[in-house]
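Presented below is the structure to which this report refers.
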Amino acid sequence: MHELPVTEQIIKVVLEHARKADAHRVVQVNLVIGDLTSFVDESIQFYFDFLARGTEAEGAALHIRRMPARVRCHACQHEFAPDGVDWRCPRCGNLGGEVLSGRESYIESIEVE
């Protein structure tokens with residue numbers, strides 16, 4: 001359910017930029033979503049299609065590029081991809097670290113006509 005307010009913001013930003021560009025139609029919206037956000041692609045797509053009805057974004061293709069989680073170990077500075085819930089550094093065994101990617105969610109680009 002937390003995809004609804006996120007998708008509302010996406011639609012708001014897309015329409016603002018489409019209107020600034022004096023566009024008649026939004027053709028495609030490209031999103032980047034980190035794997036740690038817990039956003040579900042299908043839910044974003046559902047809300048996007050629903051909220052875009054009657055706007056310049058109705059019928060626009062929505063592309064979601066997933067950004068995998070990457071962590072830098074605090075102890076040895078090794079960068080690694082956590083394996084599910086196991087956030088132990090594969091090099092030194094230290095638990096956790098600095099999250100480098102996987103939390104992001106942003107509009108990468110908007111294509112309009």
Side-chain angles (χ1 to χ4, degrees):
M1 286 299 286
H2 58 286
E3 287 88 354
L4 176 58
V6 169
T7 310
E8 287 175 327
Q9 287 302 310
I10 291 167
I11 291 286
K12 180 180 174 188
V13 170
V14 165
L15 294 177
E16 283 177 9
H17 284 274
R19 290 175 185 140
K20 284 181 185 175
D22 204 22
H24 300 285
R25 183 172 88 94
V26 176
V27 177
Q28 184 168 307
V29 177
N30 299 304
L31 304 177
V32 175
I33 306 288
D35 285 344
L36 298 176
T37 63
S38 75
F39 294 147
V40 176
D41 295 3
E42 292 78 13
S43 294
I44 294 172
Q45 181 71 62
F46 172 81
Y47 289 126
F48 184 87
D49 292 343
F50 178 77
L51 295 169
R53 288 183 191 159
T55 72
E56 295 90 338
E58 183 171 1
L62 183 65
H63 290 268
I64 299 173
R65 181 168 61 94
R66 281 289 174 171
M67 185 66 72
R70 296 284 305 166
V71 176
R72 179 182 298 127
C73 176
H74 287 303
C76 72
Q77 303 302 307
H78 178 66
E79 293 182 16
F80 63 98
D83 184 17
V85 294
D86 184 8
W87 283 48
R88 200 169 310 277
C89 176
R91 180 182 285 168
C92 72
N94 190 53
L95 186 59
E98 176 189 1
V99 175
L100 301 173
S101 68
R103 290 183 175 156
E104 54 276 271
S105 62
Y106 59 90
I107 299 169
E108 186 170 49
S109 63
I110 303 166
E111 297 176 30
V112 298
E113 290 181 339

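- Looking at residues two or more places apart in sequence or on another chain, you find no salt bridge (Lys or Arg N to Asp or Glu O under 4.0 Å) involving E42.
- What you find for P82 and V71 is that their closest heavy atoms are CG-CG2, 3.5 Å.
- How far CG of L36 is from OG of S105: 11.5 Å, rounded to the nearest 0.5 Å.
- Contacts classified as salt bridge (Lys or Arg N to Asp or Glu O under 4.0 Å) and involving residues 98-110 (residues at least two apart or in different chains) are given here: R65-E108, R72-E98.
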Show your reasoning for whether side-chain contact (heavy atoms from CB on, under 4.5 Å) applies to T55 and V14.
CA-CA 10 Å; T55 72; V14 165; over 6 Å; no

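- Considering all non-hydrogen atoms of both residues, V6 and F39 come closest at CG2-CZ, 3.5 Å.
- With sequence neighbours excluded, the residues forming a salt bridge (Lys or Arg N to Asp or Glu O under 4.0 Å) with R19 are E56, listed by chain and number.
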For residues 85-93, tabulate all N or O donor-acceptor pairs below 3.5 Å that involve a side-chain atom, not counting sequence neighbours.
| from | atom 1 | to | atom 2 | distance (Å) |
| --- | --- | --- | --- | --- |
| D86 | OD1 | R88 | N | 3.1 |
| W87 | NE1 | G84 | O | 3.3 |
| R91 | NH2 | H78 | ND1 | 3.2 |

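- No option in I64, L31, I11 other than I11 meets the side chain to side chain contact (heavy atoms under 4.5 Å, CB included) test with F48.
- Distance check: Y106 OH to N30 CG gives 11.0 Å after rounding to the nearest 0.5 Å.
- Partners of E58 according to the salt bridge (Lys or Arg N to Asp or Glu O under 4.0 Å) rule, which considers only residues two or more places apart in sequence or in another chain, do not exist here.
- In this structure R53 satisfies the salt bridge (Lys or Arg N to Asp or Glu O under 4.0 Å) test with no other residue, sequence neighbours excluded.
- Atom CD1 of I110 and atom CG of L15 lie 9.0 Å apart (nearest 0.5 Å).
- Both F46 and I10 belong to a single network of hydrophobic side chains, linked directly or stepwise wherever heavy atoms of I, L, V, M, F, W or Y lie under 4.5 Å apart.
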